[in-house]
Amino acid sequence: MVIASTQKVSSPVAPPSDSRERVSQGFKGLQDRICQKLAEVDGVGQFMEDQWTRPDGGGGRSRVMKQGDVFEQGGVNFSEVWGDRLPPSILMQRPEAEGHGFYATGTSMVLHPRNPYVPTVHLNYRYFEAGPVWWFGGGIDLTPYYPFEEDVVQFHRTLKEACDRNHPEYYNTFKLWCDEYFYLKHRQETRGVGGVFFDYQDGTGELYRGPKPEGPAAQHSKQVGQPAQRNWEDLFKFAIDCGDAFLPSYIPIVEKRRNTEYGEHQRNFQLYRRGRYVEFNLVYDRGTIFGLQTNGRTESILMSLPPMVRWEYSYAPESGTPEAKLYDTFLKPQDWVNWDA
C-alpha cells in the first residue's frame, strides 16, 4: 500500500512550542515502564540509578542492573543535552543546522542476558532540534546467540504491528534500513536478526534518509514514494509506540528461554559473539559517536558494552551445528514476518 502526496514538501511543519518538555517526559516515561517490567521479570536484580549533569548543558539518569538472575548486565538510560556548538556528526548530515543551538534527548537500552539462549537486545529512540531543523530517530534490534525461528518471528511481528498503527510502510522500509544499519562491514555480516531503524524523520520527503541510495531500503522507499506529510505529533506518537512495543516483543522470549540448560561450550560462544557487539558499538554506532562528540557522560555512553567478552582468532563454526545455523541463516537478512519454518 502506498500513501503519497502529489505535492513536494520542502520544509517540515514546526514543532509545538512545548516540544522539548513533552518529548522529555515521553522518553522518561518509556524508561520508567521498561525498568519496572525488567526488574519484575528478573526477580533478583535491581536497577541502580545514577543522575548526572553535563557541564555544557543538560544531563540524564542512568539505570544499570548487574548480576541479575536473567540479566548479567543491562542498562536503560535517559538523557537530554543542549548546547551552542553542534557536533561534526550532525553538521555532516544536516549542514543547515549550523549556527543554531541544539537540543537532543532520548532513551536507550542494552540488555546482556546471562543465559546464551536468551538474546541480547538494544533499543534507542531519540529526538533532535536545532533552530528550524528537527527530527525523530531510533530503532530496536535483536542479537541472538542460539536463535529460534519462532522467537524471531514473534519479535518482528510485534514490531510490525506497532509500525502499522502509524503508517503501512513504516515496517517494510525501516526493517530494511535496520538490516543495512546494524551491519559490520569488516565482517560482512549483520549484528543479529534486525528489527526496525529510522532516522531524520521530520515528516517530509521519502521515508529512507540513509547513506545508501542504491540499497534495498532506499529502493523500497522510492517505490513507496513521498508519503503524505506527517507532523511532529505523528512522529512523536510513532516513536513512543515503537518504544512501548519492546516489552511485548522481547519478554515472551525471556520467559521461554531463561531456564534452558547450557554448558561451557554455549557460554564461550556467547562471549565470542559478544565481541561483535563491542566492535559495532565502538566503530559504527551513531549514538556512541554523538555522545562522545558532545562531551556526554562516558560511563553512560559505554553502558552498552557487555560485562564479559572474548575474541578467538580465525573462528569458524563446525558444519551442521547450531552455531553454523546462526551464521548461515540468522546473520543474513530474512523476511521474518512471513517466515515459514
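All values below were derived from every heavy atom in this structure, side-chain atoms included, with hydrogens, water molecules and symmetry-related copies excluded.
- Under a 3.5 Å cut-off, the side chain of S221 and the backbone N or O of L207 do form a donor-acceptor pair.
- Residues T105 and S79 come closest through the heavy atom pair OG1-O, 2.8 Å.
- Among residues two or more places apart in sequence or in another chain, the ring-ring contact (aromatic ring centres under 6.0 Å, His included) test is passed with F236 by W232.
- With a 4.5 Å cut-off on side-chain heavy atoms, D241 and N166 count as touching.
- What you find for M308 and L271 is that their closest heavy atoms are O-CD2, 3.6 Å.
- Hydrophobic cluster membership is shared by F280 and Y327, with clusters built from Ile, Leu, Val, Met, Phe, Trp and Tyr side chains linked at under 4.5 angstrom.
- S24 has its side chain within reach of F78: a pair of non-hydrogen atoms, C-beta onward, lies under 4.5 Å apart.
- Contact annotation: the side chain of E150 approaches that of K256 to within less than 4.5 Å [non-hydrogen atoms, C-beta and beyond].
- Considering all non-hydrogen atoms of both residues, T260 and Y117 come closest at CG2-CD1, 3.5 Å.
- Taking 4.0 Å as the cut-off between side-chain N and carboxylate O, R310 and E312 count as a salt-bridged pair.
- Side-chain contact between D69 and R258 is present, with at least one heavy-atom pair separated by less than 4.5 Å.
- Using a distance-only test at 3.5 Å, with no hydrogens or angles considered, no donor-acceptor pair links the side chain of Q270 to the main chain of P119.
- Atom OH of Y125 is separated from atom SG of C242 by 4.5 Å, given to the nearest 0.5 angstrom.
- Hydrophobic clustering (side-chain heavy atoms under 4.5 Å, transitive across Ile, Leu, Val, Met, Phe, Trp, Tyr) groups F148 together with F155.
- With ring centers used as reference points, Y200 lies 6.0 Å or more from Y208.
- Here A245 pairs with L159, A162 under the side-chain contact (heavy atoms from CB on, under 4.5 Å) rule; sequence neighbours left out.
- Y103 and E80 are linked by a side-chain donor-acceptor pair at a separation below 3.5 angstrom, with hydrogens and angles left out of the test.
- Legend: ring-ring contact (aromatic ring centres under 6.0 Å, His included) pairs involving residues 243-268, not counting sequence neighbours, sorted by first then second residue: F246-Y250.
- Applying the salt bridge (charged side-chain N to carboxylate O under 4.0 Å, His left out) definition to pairs two or more places apart or across chains, those involving residues 322-336 are E149-K325.
- Between the side chain of R33 and the backbone N or O of D244 there is no donor-acceptor pair closer than 3.5 Å.
- With no hydrogens or angles considered, no side-chain donor-acceptor pair links Q154 and D151 at under 3.5 Å.
- Heavy-atom contacts from other residues, nucleotides or ligands closer than 6.0 Å to CD of E21 number more than 12.
- Note on ring orientation: taking the six-membered ring where Trp is involved, the planes of Y171 and H156 are perpendicular (angle over 60°, cut-offs 30° and 60°).
- Y277 pairs by the side chain to side chain donor-acceptor pair (under 3.5 Å) definition with R191, not counting sequence neighbours.
- Taking CZ from F27 and OG from S108, the interatomic distance works out to 10.5 Å, rounded to the nearest 0.5 Å.
- Closest of all the heavy-atom pairs between L331 and T190 is O-OG1, 3.0 Å.
- The backbone N or O of V224 sits nowhere less than 3.5 Å from a side-chain atom of E169 that would complete a donor-acceptor pair.
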Pair Y145, F269 - check ring-ring contact (aromatic ring centres under 6.0 Å, His included), show working. CA-CA 8 Å; Y145 306 100; F269 183 67; 7.5 Å; no
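- Without hydrogens or angle criteria, Q219 side chain to P213 main chain gives a donor-acceptor distance under 3.5 Å.
- Side chain of E180 to main chain of C178: no donor-acceptor pair is present (N/O by atom type, distance under 3.5 Å, no hydrogens or angles).
- At least one side-chain heavy atom of V70 sits less than 4.5 Å from a side-chain heavy atom of V254.
- Between K28 and E49 there is no salt bridge, since no side-chain nitrogen of the basic residue lies less than 4.0 Å from a carboxylate oxygen of the acidic one.
- The aromatic ring centroids of W177 and F182 lie 6.0 Å or more from each other.
- Identified under the salt bridge (charged side-chain N to carboxylate O under 4.0 Å, His left out) test for residues 218-236, with sequence neighbours left out: R22-E233.
- Taking the charged nitrogens against the carboxylate oxygens, E279 and R274 have no contact shorter than 4.0 Å, which rules out a salt bridge.
- The line from CZ of F102 to CH2 of W82 is 10.5 Å long, rounded to the nearest 0.5 Å.
- A 6.0 Å sphere centred on NZ of K237 holds more than 12 heavy atoms belonging to other residues, nucleotides or ligands.
- Between K37 and D42, no side-chain nitrogen of the basic residue sits less than 4.0 Å from a carboxylate oxygen of the acidic one, so the salt-bridge criterion is not met.
- Smallest separation of non-hydrogen atoms from Q46 and A39: OE1-CB, 4.3 Å.
- Ion pairing between R63 and D50 fails under the 4.0 Å rule for side-chain N and carboxylate O.
- Shown here for E129 and P15, the closest heavy-atom pair between the two residues is OE1-CG, 3.8 Å.
- Counting heavy atoms from C-beta on, the side chains of V196 and T173 never come closer than 4.5 Å.
- In this structure, Y170 has its ring center closer than 6.0 angstrom to the ring center of F238.
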